[in-house]
Amino acid sequence: ENWSLKIISVVIALALYVVLHSGGDQQRTVDVEVNQVPSKDGNKVLLTSIPGRVRLTVRGPRSLIDDMPSIESIDVDLTGEPTTVRFDTANFKMPPGIHKVGVTPPYINLRWDTKVGKRVRVEVPTSQPPEGLSLKRLTVEPDAVTITGPKTRIDTVQRLHTATLELKDRVVGTHLQKLVVDVSADADPAVVKTDLESVDVRFELVHETK
C-alpha cells in the first residue's frame, strides 16, 4: 500500500551507505627513508646492515589518506653503540587525523666489533703466457698493503689478490702494469678497506729454453 515510501526509504538507505563508506577510514603502507647518525667512536665498527628505508602502515579518513604528503625521513642515532634499534617507537611526523598502525621491520639487533688494522701481502694471479714464452722476475710494488676493519674479519685475511694479469698478446721484454687490489676475492669490501687501491706489477717475458 505504501510502495512509494518504501522506494524512498531504499534510496535514502543507499545514499547513506555511499556517504558513510566513502568517508570511512582507509589503511595505507608507505616507504620512509632512514638516515644514520654514525657513532663518534672511531674504534668501533657496525657489522649489521641498517635498511635504507622502512615500511610504515598508517590509517585515517579516506580523504586525508588520499592527500597525504610524503612522510619525512627518520634518524637512527648510533652514538653509544646501541645493541637494538627500534623503528616501531620512532617519531614519524604524520598529518593530524592519521595514526600509525605498524612498522616493518619493527626493530633490528645490532652487532659491533673493534676496528683494527694489519699489513698483508699482495699476490698477482696471472693468465697463461703466449706460446713459446715464459714469465720471469714478477715483482709487486708495494708487495703489501694495510687493511682496516672489524677484528673478526681482519683476523681471517692472510693475503690479498689483484685483478688477473693478462699475458695474452704480450711480447718478449720487460713490462710494467698497474693492477687494482681486488678485496672482494679475499674479504668483504663493505667492511674491509685498504690504504691503496692499486699496485705496480713489473714482469719479464722471455723465450722458453728448449
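The first residue of the sequence shown is numbered 1, and numbering continues consecutively from there. Because only heavy atoms are used, hydrogens play no part in the values below, and waters and symmetry mates are left out as well, while side chains stay in.
For residues 191-201, the side-chain hydrogen bond (donor to acceptor under 3.5 Å, both in side chains) pairs, not counting sequence neighbours, are Lys178-Asp200. Applying the ring-ring contact (aromatic ring centres under 6.0 Å, His included) rule to pairs touching residues 146-202 yields His175-Phe203, sequence neighbours excluded. Within the structure, the salt bridge (Lys or Arg N to Asp or Glu O under 4.0 Å) test picks out the following pairs touching residues 93-105 (sequence neighbours left out): Glu72-Lys93.
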**Asked** Is there a salt bridge (charged side-chain N to carboxylate O under 4.0 Å, His left out) between Asp66 and Arg62 once you walk through the steps?
**Response** CA-CA 6 Å; Asp66 291 340; Arg62 185 184 302 271; 5.6 Å; no
**Asked** Can you list the steps and then say if Ser134 with Val206 is a side chain to side chain contact (heavy atoms under 4.5 Å, CB included)?
**Response** CA-CA 6 Å; Ser134 61; Val206 299; 3.4 Å; yes
**Request:** Begin with the C-alpha distance, continue with both residues' side-chain angles, and end with the deciding distance and a verdict on side chain to side chain contact (heavy atoms under 4.5 Å, CB included) for Arg159 and Val122.
**Result:** CA-CA 6 Å; Arg159 65 184 63 83; Val122 178; over 6 Å; no
**Request:** Please test Leu47 against Trp112 for side chain to side chain contact (heavy atoms under 4.5 Å, CB included), starting from the C-alpha separation and ending with a verdict.
**Result:** CA-CA 6 Å; Leu47 300 181; Trp112 297 85; over 6 Å; no
**Request:** Could you check Glu141 against Val199 for side chain to side chain contact (heavy atoms under 4.5 Å, CB included), going step by step and ending with a plain yes or no?
**Result:** CA-CA 6 Å; Glu141 180 62 34; Val199 293; over 6 Å; no
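Judged by distance alone, the side chain of Thr126 and the main-chain N or O of Leu165 form no donor-acceptor pair under 3.5 Å. Looking only at distances, a side-chain donor or acceptor of Asp113 sits under 3.5 Å from a matching main-chain atom of Thr152. Between the side chain of Arg28 and the main chain of Ile65, a donor-acceptor pair closer than 3.5 Å is present.
Side-chain heavy atoms closer than 4.5 Å link hydrophobic residues (I, L, V, M, F, W, Y) into clusters, and following such links, possibly through other members, connects Val58 to Val34. Leu138 and Val145 end up in the same hydrophobic cluster when Ile, Leu, Val, Met, Phe, Trp and Tyr side chains are linked at under 4.5 Å. The cluster map of Ile, Leu, Val, Met, Phe, Trp and Tyr, joined by side-chain heavy atoms under 4.5 Å apart, puts Ile71 and Val103 in the same cluster. Val180 and Val157 sit in two unconnected hydrophobic clusters of ILVMFWY residues. Membership requires side-chain heavy atoms under 4.5 Å apart, directly or through other members. Val116 and Val45 fall into different hydrophobic clusters, where Ile, Leu, Val, Met, Phe, Trp and Tyr are joined by side-chain heavy atoms under 4.5 Å apart, directly or via other members.
Considering only residues two or more places apart in sequence or on other chains, Glu166 meets the salt bridge (charged side-chain N to carboxylate O under 4.0 Å, His left out) condition with none of them. Qualifying side-chain hydrogen bond (donor to acceptor under 3.5 Å, both in side chains) partners for Thr29, counting only residues two or more places apart in sequence or in other chains: Thr57.
Leu135 is listed as a side-chain neighbour of Leu167, based on a closest heavy-atom distance under 4.5 Å. In this structure, the side chains of Asp169 and Pro130 stay at 4.5 Å or more apart for every pair of heavy atoms. Contact check for Thr162 versus Glu123: no side-chain heavy atoms found under the 4.5 Å cut-off. In this structure, Lys44 and Lys115 have side chains that are not in contact, with every pair of non-hydrogen atoms separated by 4.5 Å or more. With contacts defined as side-chain heavy-atom distances shorter than 4.5 Å, the pair Val101/Gln27 qualifies. A 4.5 Å side-chain heavy-atom check between Pro95 and Leu64 finds every atom pair outside the cut-off. Counting only heavy atoms from C-beta outward, the side chains of Asp188 and Arg153 approach each other to under 4.5 Å. Between Leu46 and Leu78, some side-chain heavy-atom pair lies under the 4.5 Å cut-off.
One distance of note links CD of Gln36 with CD1 of Ile50; it measures 4.0 Å at 0.5 Å rounding. Between the OG1 atom of Thr174 and the NZ atom of Lys136 there is a distance of 13.5 Å, given to the nearest 0.5 Å. Atom CE in Met68 sits 9.0 Å away from atom CE in Met94 (nearest 0.5 Å). Atoms CG and CD1, on Leu160 and Ile147 in that order, are 5.5 Å from each other to the nearest 0.5 Å. With rounding to the nearest 0.5 angstrom, the CD atom of Glu208 is 8.5 Å from the CD atom of Glu131. Note that CD1 of Ile98 and CD of Gln26 are 10.0 Å apart. Values are rounded to the nearest 0.5 Å.
Around the NZ atom of Lys118, the shell of radius 6.0 Å holds more than 12 heavy atoms that belong to other residues, nucleotides or ligands. Environment of CZ in Arg202: sparse, with no more than 12 heavy atoms of neighbouring residues, nucleotides or ligands closer than 6.0 Å.
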Listed pairs under 3.5 Å, donor-acceptor, residues 80-89 side chains, sequence neighbours left out:
from  : atom 1 : to     : atom 2 : distance (Å)
Glu81 : OE2    : Ser39  : OG     : 2.5
Thr84 : OG1    : Asn109 : OD1    : 3.2
Arg86 : NE     : Asp88  : OD1    : 3.1
Arg86 : NH2    : Asp88  : OD2    : 2.8

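Counting all heavy atoms, side chain and backbone alike, Gly97 lies closest to Pro61 at O-CD, 3.4 Å. Closest of all the heavy-atom pairs between Ile108 and Ser49 is CD1-O, 4.4 Å. The two residues Pro129 and Leu133 have their closest heavy-atom pair at CG-O, 3.6 Å.
Using a 3.5 Å distance cut-off with no hydrogens or angles, the side chains of Arg119 and Thr146 do pair a donor with an acceptor.
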